[in-house]
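We name chains A, B, ... by the order of the sequence lines, and we start the count at 1 in each one. Side chains included, hydrogens not; waters and symmetry mates left out as well; all remaining heavy atoms used. Because the structure is a prediction, the values reported are computed rather than measured.
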Protein chains: 2
Amino acid sequence: MLRYFGLLRRTMEPFFAGHGISVSQWGMLRALLRADHDGHTGLRLMDLGERLLVRPPSVSGVVRRLTAMGLVKTVPSGDDHRARLVSLTAKGRQLVERVGEAHVQRVREIYAALDEHELAGLSSSLSKLCHRMEEISRENCEKEQA
Amino acid sequence: MLRYFGLLRRTMEPFFAGHGISVSQWGMLRALLRADHDGHTGLRLMDLGERLLVRPPSVSGVVRRLTAMGLVKTVPSGDDHRARLVSLTAKGRQLVERVGEAHVQRVREIYAALDEHELAGLSSSLSKLCHRMEEISRENCEKEQA
DNA sequence: GACTATTAGTTAGCACGCTAAGCAGTTAGA
DNA sequence: TCTAACTGCTTAGCGTGCTAACTAATAGTC
């Protein structure tokens, strides 16, 4: 079971590396593209962290590297002087759209191993497991507080 | 889909942290316990790497930390003067057996979210996907060589 | 026997995740 | 109003993964 875990990483990483980015960087770029499509002018680091299920320091690091690559820019938020809004640069948008197409194709290629019924079952099972794990995490949090 | 990925980590890590070890360390201890049951006197770092799907430098690091914790010991291999054989100390064996019981229970707790049929489907689907990903990795390797 | 190739492992250096601790800026309560 | 609590983010430091480059031992080849 855990084998799937490692294999997925080892399949994805070289793919994104071919485009010059890492899996985490891809995740962030995609989140920013979506936010843009939803009409947001930018996302705060906290928002990014929530969407990517990642803690603030990790977000900072990825943003810093993407900024250095010129794929992303940050501007101070007008509302809250603590916050910074992250958004795609033209270069970043171009890259994420290009990689996105290849990625969709790659995902299709992998999931071609399953028929529709299996795919539906997998999706349902994973979502149930996610749900269960969230419950357990919550229980443990409460225990710790007690 | 990828959500499952992160959630699994975030559920497992605190669990093992409660026993003072990390997920990788657990993986290595378990591999060593299994090897012991199979009658091996110890595993070379390369063997461990293959079983855990991890590259040599990462193995070295985990072994170093486990050694520092007194859970594992290494002796030079008689056959090959380059190699080192890793095995559990008494303390390590005791810990892995204790954690193992709790771990089995925890896994059961999570997979209780699925019925038998779903579980079988999940297992089959994941193994098909693993197979597919291995194929793709192999194809890419061959492409690179060309 | 000597010369190369392969193999086991290490070290250096990076990306990415985390926690803990600290700094601003913001909000809320006395 | 003024202090206290919270929030957004950064820094420091660690564990784990990787690649690349290196050492040392083994194996193969002439």
Side-chain angles (χ1 to χ4, degrees), chain A residues 2 5-18 20-29 42-69 71 74-86 137 141 144, chain B residues 2 5-29 42-50 52-69 71 74-86 137 141 144:
Chain A
L2 291 175
F5 211 75
L7 267 170
L8 184 58
R9 192 168 45 76
R10 283 160 92 119
T11 307
M12 304 299 269
E13 272 176 5
F15 170 71
F16 288 114
I21 59 177
S22 71
V23 178
S24 308
Q25 289 166 358
W26 159 252
M28 183 168 294
L29 293 174
L43 286 179
R44 300 180 312 158
L45 298 203
M46 294 304 286
D47 296 332
L48 275 169
E50 274 177 29
R51 296 184 194 213
L52 305 173
L53 286 181
V54 149
R55 303 261 176 236
S58 311
V59 181
S60 290
V62 178
V63 168
R64 180 162 30 81
R65 279 178 286 269
L66 286 176
T67 304
M69 287 187 249
L71 300 176
T74 66
V75 295
S77 166
D79 296 355
D80 189 334
H81 287 195
R82 292 167 299 182
R84 294 166 51 201
L85 294 177
V86 187
S137 297
C141 278
E144 276 174 22
Chain B
L2 291 175
F5 210 76
L7 267 170
L8 185 58
R9 193 168 43 76
R10 282 160 91 120
T11 307
M12 305 298 270
E13 273 177 3
F15 169 72
F16 288 115
H19 294 276
I21 60 176
S22 72
V23 177
S24 307
Q25 290 167 357
W26 159 251
M28 183 169 293
L29 293 174
L43 286 179
R44 298 179 314 156
L45 299 202
M46 295 303 287
D47 295 333
L48 275 169
E50 273 177 30
L52 305 174
L53 287 180
V54 150
R55 302 261 175 237
S58 311
V59 181
S60 289
V62 178
V63 169
R64 181 161 30 79
R65 279 179 285 269
L66 285 176
T67 305
M69 288 188 248
L71 300 176
T74 66
V75 295
S77 165
D79 297 356
D80 187 335
H81 286 196
R82 294 168 298 182
R84 294 165 51 200
L85 294 177
V86 187
S137 297
C141 278
E144 276 173 22

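- Atoms CG (A/D79) and P (C/dT26) sit 10 Å apart, rounded to a whole Å.
- With sequence neighbours left out, the side chain to side chain contact (heavy atoms under 4.5 Å, CB included) criterion links A/R55 to A/P57, B/R10.
- The side chain to side chain donor-acceptor pair (under 3.5 Å) contacts involving residues 13-26 of chain B comprise nothing, where partners must be two or more places apart or lie in separate chains.
- B/R44 places its CZ atom 11 Å from the P atom of C/dT7, with the value rounded to the nearest Å.
- Between A/L52 and A/V59, the closest side-chain pair of non-hydrogen atoms is not below 4.5 Å.
- Checked by distance alone, A/R82 brings no side-chain donor or acceptor within 3.5 Å of a matching partner on the base of C/dT26.
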Completion exercise
Given protein heavy atoms under 4.0 Å, the one-letter contact record of nucleotides 11-19 of chain C, with B base, S sugar-phosphate only and - none, is simply B---SSBBB

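- A nucleotide of DNA chain D counts as in contact with chain A when one of its atoms lies under 4.0 Å from a heavy atom; the first and last such, 5' to 3', are D/dT7 to D/dC18.
- At least one side-chain heavy atom of B/R44 sits less than 4.5 Å from a side-chain heavy atom of B/L85.
- Screening residues 15-26 of chain B for salt bridge (Lys or Arg N to Asp or Glu O under 4.0 Å) gives no qualifying pairs among residues at least two apart or on separate chains.
- From A/L66, atom CG reaches atom OG1 of A/T74 across 11.5 Å, with rounding to the nearest 0.5 Å.
- Atom CE in B/M46 sits roughly 12 Å away from atom C1' in C/dT10 (whole-Å rounding).
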Validation: residues 76-83 of chain A side-chain donor-acceptor distances under 3.5 Å, sequence neighbours left out:
| residue | atom | partner | partner atom | Å |
| --- | --- | --- | --- | --- |
| A/S77 | OG | A/D79 | N | 3.3 |
| A/D80 | OD1 | A/R82 | N | 2.9 |
| A/D80 | OD1 | A/R82 | NE | 3.0 |
| A/D80 | OD2 | A/R82 | NE | 3.2 |
| A/D80 | OD2 | A/R82 | NH2 | 2.6 |

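- Nearest heavy atom pair, residue B/S60 against residue B/L45, reads OG-CD1, 3.9 Å.
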